[in-house]
Amino acid sequence: HVPFHAPTREIALAVKGAGEGMAPIAAVCAVCGVLLAGAVAAMVLTAGGANFWLSTFVGCTAGVGTLWALATTDPPAAAGKSLGGGGAVGAQLGGAPARADEVTPLLAATVQTDRTAGPTASDDEPAATAAGARAPGSPRHVYLDNLKLALMVCVVTGHVNCAFLGDGAPANLNYGAYRNSFQPFSVAVGILGQSFAMALFFFLAGFFVPGPCARKGPRRFLRGRFLRLGAPFMVYCLGLGPLLEWVVQTYGISPHMEPGEPAAVYGYVPFAGPTWFIGWLLLFSLAYAAADPPSADRPTPGCPGFAACMAMGLVLGLVQCGLVVGCGPNFGFMPLTIGSLPFDIVFFVGGVRARRGGWLAAGVPFGGAAAAVAAALAAAFVAFFVWAYLADFDLEPLAFFAVARNTTADAAGATETIGVRDAGILLGFFAYMGVLAPVASLGVLHLFKRHADFETTTTRALSRLAYPVYIIHPWVLAPLQLAFAEVLLLSTGVELKFFSGQVASGTDFGGGGGRVWLGWLCVLIATHLVVWPLAAALTRVPGLRHVL
């Protein structure tokens, strides 16, 4: 966890802080262990309901940890510097110099913009002496800031794609669930992004875990994580998420039911939306701090070979296929699809090991080869979708995943099964995308290292807004979807209608596929124009800026 050239005093302080922090961490882990044991027992007793009970476990863990963090946080007077003019935000606004351990983790700070870093970079390096300043001779991993920003733009864009594809919008409001020319583009781009984007976020998050945990000790490290991850997760899951669901049901779906269909009735259910990522990262951080305390003499892990990375992706893809078939579309708030749970775990661990072993010190391993292979795999996949559309091949929204989810009982109680042909297609699809995940991730890292290793005032400011953008963008996208539906109705007379129990409208927009493309483009541009300034405003609100 500690860089090879770190001063002996810092190593001693890190080990001493870790020892002092283990008692409260053990208590928190014991409570979480009891919750997990209860969840497992409930799953056994109820002969199912794994998703519900795992979701309960994730939520209870975040809740217990957040309460502990709030109870042990320094009073406002002691925290005044970081909340007022200090910390990363304070440095950005011209206040006191930023400390590396005061910056929000995860999306907003998977890469610390006020940290020094370079070939031997680490979270334990001294902070900048002024906003944007760096210690002489200590270049940073600037390209990781830009990668984080680009991934966030892709996440928001991907959710807009889903909103007009007919499945997967973050607020459960979907249009365009019928065959049109937008589908091949949206499905192909969405699947390619989903195959590695969130896993790469976990890699970046894991990359910046060892340093803060070693420097601050498990207690302070987890207290910061529970406050900056657990608190937003609980607020969204219990408040903002269900409220957005109610808005969508009340104003987006119920007034537009098909003739003879009963109005949609909203029932309160905790809804994590995109913050599932925050909840799972919190679990990963808790597991890391509890099971892997800092050690000054830890051996350096070696980087796996390129072939080993591809083989790992193949195996993980097949495992992911089994999870999707066996558990359905969700698992503990996490959407189960390509590039999800097993990839997220392995990529997080890979990020930790990459930081310890200095895998990125001399550049991205196998970056050039990975970029070439990833480009070939992606091009072949896009070509398949173009051919499928021109050949009138079945391209219903996420048709491949419909096969995986086709295990629910029908009205007669019989369970549908997956045929041999469909099973072969499914296994091949998940294996193909599994190989693409690590290859594309290495290729993207390589391209950003070579072509985006720069920093401007704009890129630095935008990268700091990635975390609040991730949390609030459903609240921007859903109202813009509703506004689009009203504009479509007033301008063309087409009313987007819903059937009872569905959150996707299959109403034809009319005008071929042009109106779908136009609606997607307008909502996409409007979402980005609104969400980034709104996030910037929220980071200036006292009490929120320390978290966001």
Side-chain angles (χ1 to χ4, degrees), residues 154-155 158-159 161-162 165-168 174 176-177 179 182-200 202 307 309-331 334-347 370 373-408 415-444 504:
C154 290
V155 167
H159 283 160
N161 285 354
C162 292
L165 170 64
D167 184 69
N174 304 278
R179 185 174 176 81
F182 179 71
Q183 283 186 357
F185 162 80
S186 186
V187 171
V189 172
I191 289 177
L192 287 175
Q194 179 62 47
S195 68
F196 74 94
M198 298 311 297
L200 189 52
F202 275 107
C309 290
M310 296 181 68
M312 175 200 68
L314 175 63
V315 173
L316 292 178
L318 296 177
V319 172
Q320 183 70 68
C321 181
L323 286 174
V324 172
V325 173
C327 301
N330 295 286
F331 189 68
M334 176 188 292
L336 275 188
T337 178
I338 54 173
S340 56
L341 181 58
F343 291 89
D344 297 339
I345 296 173
V346 171
F347 272 59
V373 174
L377 292 175
F381 187 72
V382 172
F384 164 76
F385 268 87
V386 173
W387 165 83
Y389 182 75
L390 294 177
D392 201 28
F393 192 78
D394 182 15
L395 276 178
E396 290 298 319
L398 302 179
F400 286 115
F401 303 104
V403 177
R405 300 176 185 186
N406 193 18
T407 57
T408 56
T415 300
E416 300 180 5
T417 58
I418 298 175
V420 175
R421 176 181 176 276
D422 290 340
I425 293 176
L426 194 64
L427 286 171
F429 173 68
F430 273 87
Y432 189 92
M433 305 313 296
V435 172
L436 179 62
V439 173
S441 298
L442 288 171
V444 169

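All residue numbers in this chain count up from 1 along the given sequence.
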Asks: Are side-chain heavy atoms of Phe196 and Leu436 found at a separation under 4.5 Å?
Replies: no

Asks: Can you name the nearest heavy-atom pair linking Ala374 to Val439, along with the distance?
Replies: N-CG1, 3.5 Å

Asks: Does a side-chain heavy-atom distance below 4.5 Å link Ile338 with Phe343?
Replies: no

Asks: For Asp344 and Gly339, which heavy atoms make the closest approach, and how far apart are they?
Replies: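 Nearest pair, atom of Asp344 first, then Gly339: OD1-O, 3.6 Å.
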
Asks: If you round to the nearest 0.5 Å, how far is CD of Gln194 from CG of Asn161?
Replies: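 Separation between the atoms: 12.0 Å.
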
Asks: Side chains of Val373 and Val435, heavy atoms from C-beta outward: is any pair under 4.5 Å?
Replies: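 With C-beta onward as the side chain, the pair stays apart.
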
Asks: Distance from Leu336 atom CG to Cys321 atom SG, nearest 0.5 Å?
Replies: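 Answer rounded to 0.5 Å: 11.5 Å.
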
Asks: Verify side-chain contact (heavy atoms from CB on, under 4.5 Å) between Met433 and Leu192, making sure each step is shown before the conclusion.
Replies: CA-CA 8 Å; Met433 305 313 296; Leu192 287 175; 4.2 Å; yes

Asks: At their closest point, which heavy atom of Ala370 faces which heavy atom of Gly443, and how far apart are they?
Replies: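 Closest approach of Ala370 to Gly443: CB-N, 3.7 Å.
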
Asks: Nearest 0.5 angstrom please: Phe331 CZ to Leu323 CG, how far?
Replies: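 Going from the CZ atom of Phe331 to the CG atom of Leu323 covers 7.0 Å.
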
Asks: I want to check something: taking the side chain as every heavy atom from C-beta on, are Leu165 and Asn174 in contact at a cut-off of under 4.5 Å?
Replies: no

Asks: State, yes or no, whether a side-chain contact exists between Gln320 and Thr337 at a heavy-atom distance under 4.5 Å.
Replies: no

Asks: Can you tell me if Tyr432 uses its side chain to pair, donor with acceptor, with the backbone of Gly317 under 3.5 Å?
Replies: no

Asks: Locate the shortest heavy-atom distance separating Ala177 from Ala504; write the atom from each residue and the value.
Replies: CB-CB, 4.1 Å

Asks: Mind checking the CD1-OG spacing from Ile345 to Ser340? Nearest 0.5 Å is all I need.
Replies: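 It is 9.5 Å, given to the nearest 0.5 Å.
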
